[in-house]
J.: 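Structure below; questions to follow.
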Amino acid sequence: MARYDRAITVFSPDGHLFQVEYALEAVRKGNAAVGVRGSDTIVLGVEKKSTAKLQDSRTVRKIVNLDDHIALACAGLKADARVLINRARIECQSHRLTVEDPVTVEYITRYIAGLQQKYTQSGGVRPFGLSTLIVGFDPYTGVPSLYQTDPSGTFSAWKANATGRNSNSMREFLEKNYKETSGQETVKLAIRALLEVVESGGKNIEIAVMTREHGLRQLDEAEIDAIVAEIEAEKAAAEAAKKGPPKDT
């Protein structure tokens, strides 16, 4: 095996590109990220690591705008993410300048996935160590979309998905609980999925909500705490209902 992971362009005899698999491992060790598509709302949520006491937390953003109608969240190496995000933003603006129309979500997803794939097939480079969740509204039809890309350059469309640390647990939760939602219910579902793997509640969660009318809006900590409290109250009520009224002796 050791001979086959020295260069990105060399396949192992059983058909593996080890450097790509190592990049996927970097994603699995990154922060948890989740995306949920509702009928009129799309929600991105990420696990937020605690910042140093003297650090300005506004400079550590894991959910960013690519254009007015498209946003991205990622799991993996943040320095790699910064490069990919800048390239994607330039492509969005270049498309507007050339075609005089905004990009579709699928177009920019294809561009990002193509860039990630290119870095798995060239000598002297390494794959991007990140997976992205890209959301947005189609500028022509207004239909919401959610896509995921990974370090191999693969992309696919989802109703709800998770990536990063413990993504399997979140994906299982979403598979069991997903239904077509709108507005606040979509936000709640995304937060409930994150709470499956994130400890200490809303303090370690970053949430952004995108609507067609208002674009991307980051929720502040107080709003997230209020929704987390609501979810916990619902959970407690459901537990109490399961136990039923106390029996008379």
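One is the number of the first residue; the rest follow in order along the sequence.
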J.: Check for a donor-acceptor pair, side chain of E47 on one end and backbone N or O of A32 on the other, with a separation under 3.5 Å.
T.: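 Yes, because the side chain of E47 sits within donor-acceptor range (under 3.5 Å) of the backbone of A32.
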J.: Hey, which of T154, T163, T132 is the one that makes side-chain hydrogen bond (donor to acceptor under 3.5 Å, both in side chains) with T149?
T.: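 That would be T132.
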J.: Say whether, by atom type as modelled, one donor and one acceptor occur between the side chain of Q218 and the main chain of I63 under 3.5 angstrom.
T.: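 Yes, Q218 side chain to I63 backbone: donor-acceptor pair under 3.5 Å.
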J.: Apply salt bridge (Lys or Arg N to Asp or Glu O under 4.0 Å) to D150 and list each qualifying residue two or more places apart in sequence or on a separate chain.
T.: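 With neighbours one apart ignored, the set is empty.
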J.: Once side-chain contact (heavy atoms from CB on, under 4.5 Å) is applied, do any residues pair with E91, and if so which ones, sequence neighbours excluded?
T.: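 Here the qualifying residues are Y107, I108, Y111.
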J.: Is it true that E185 and K179 make a salt bridge, defined as a side-chain N closer than 4.0 Å to a carboxylate O?
T.: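 No salt bridge links E185 with K179.
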J.: Same cluster for Y147 and L174 if Ile/Leu/Val/Met/Phe/Trp/Tyr side chains link at under 4.5 Å?
T.: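 Result: no, two separate clusters.
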J.: Keeping to residues at least two apart or across chains, list the side-chain hydrogen bond (donor to acceptor under 3.5 Å, both in side chains) pairs with something in residues 27-40.
T.: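 Pairs touching residues 27-40 that pass the test: E25-R28, N31-K78.
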J.: Check for a donor-acceptor pair, side chain of S94 on one end and backbone N or O of I90 on the other, with a separation under 3.5 Å.
T.: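 No.
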J.: Salt-bridged, R171 to E196, with N to O below 4.0 Å?
T.: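 The answer is no: the pair does not qualify as a salt bridge.
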J.: Please step through side chain to side chain contact (heavy atoms under 4.5 Å, CB included) for the pair I70 and I134, ending with a clear verdict.
T.: CA-CA 7 Å; I70 297 175; I134 302 162; 3.9 Å; yes
J.: Looking only at the side chains, is there a donor atom on one of T211 and T41 sitting less than 3.5 Å from an acceptor on the other?
T.: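 Side chains of T211 and T41: no pair found under 3.5 Å.
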J.: How far apart are the C-alpha atoms of I191 and V187, what are their side-chain angles, what is the distance that settles it, and do they pass the side chain to side chain contact (heavy atoms under 4.5 Å, CB included) test?
T.: CA-CA 6 Å; I191 292 176; V187 181; 4.0 Å; yes
J.: Can you spot which of V135, I112, L44 makes a side chain to side chain contact (heavy atoms under 4.5 Å, CB included) with L72?
T.: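 Going through V135, I112, L44 one by one, the side chain to side chain contact (heavy atoms under 4.5 Å, CB included) with L72 is satisfied by I112 alone.
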J.: Can you name the residues that form a side-chain contact (heavy atoms from CB on, under 4.5 Å) with R89, not counting sequence neighbours?
T.: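 Listed in chain order: V64, L66, I85, N86.
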J.: Salt bridge check, E230 against K188: does any charged N sit closer than 4.0 Å to a carboxylate O?
T.: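 Looking at K188 and E230, the cut-off is met.
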J.: Is the side chain of N65 donor-acceptor paired with the backbone N or O of D68 at a distance under 3.5 Å, no angle test?
T.: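 No.
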J.: What pairs of residues pass the ring pair (Phe, Tyr, Trp, His ring centres under 6.0 Å) test when at least one of them lies in residues 46-87, not counting sequence neighbours?
T.: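 Sorted result for residues 46-87: empty, none.
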J.: Is D80 paired with R126 through a side-chain N to carboxylate O contact shorter than 4.0 Å?
T.: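 Result for this pair is yes, salt bridge flagged.
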J.: Distance alone, cut at 3.5 Å: any donor-acceptor contact between the side chains of E106 and S145?
T.: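 No donor-acceptor contact under 3.5 Å links the two side chains.
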J.: Going by ring pair (Phe, Tyr, Trp, His ring centres under 6.0 Å), name the pairs with one or both residues in residues 209-242, residues two or more places apart or in two chains.
T.: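 Found none.
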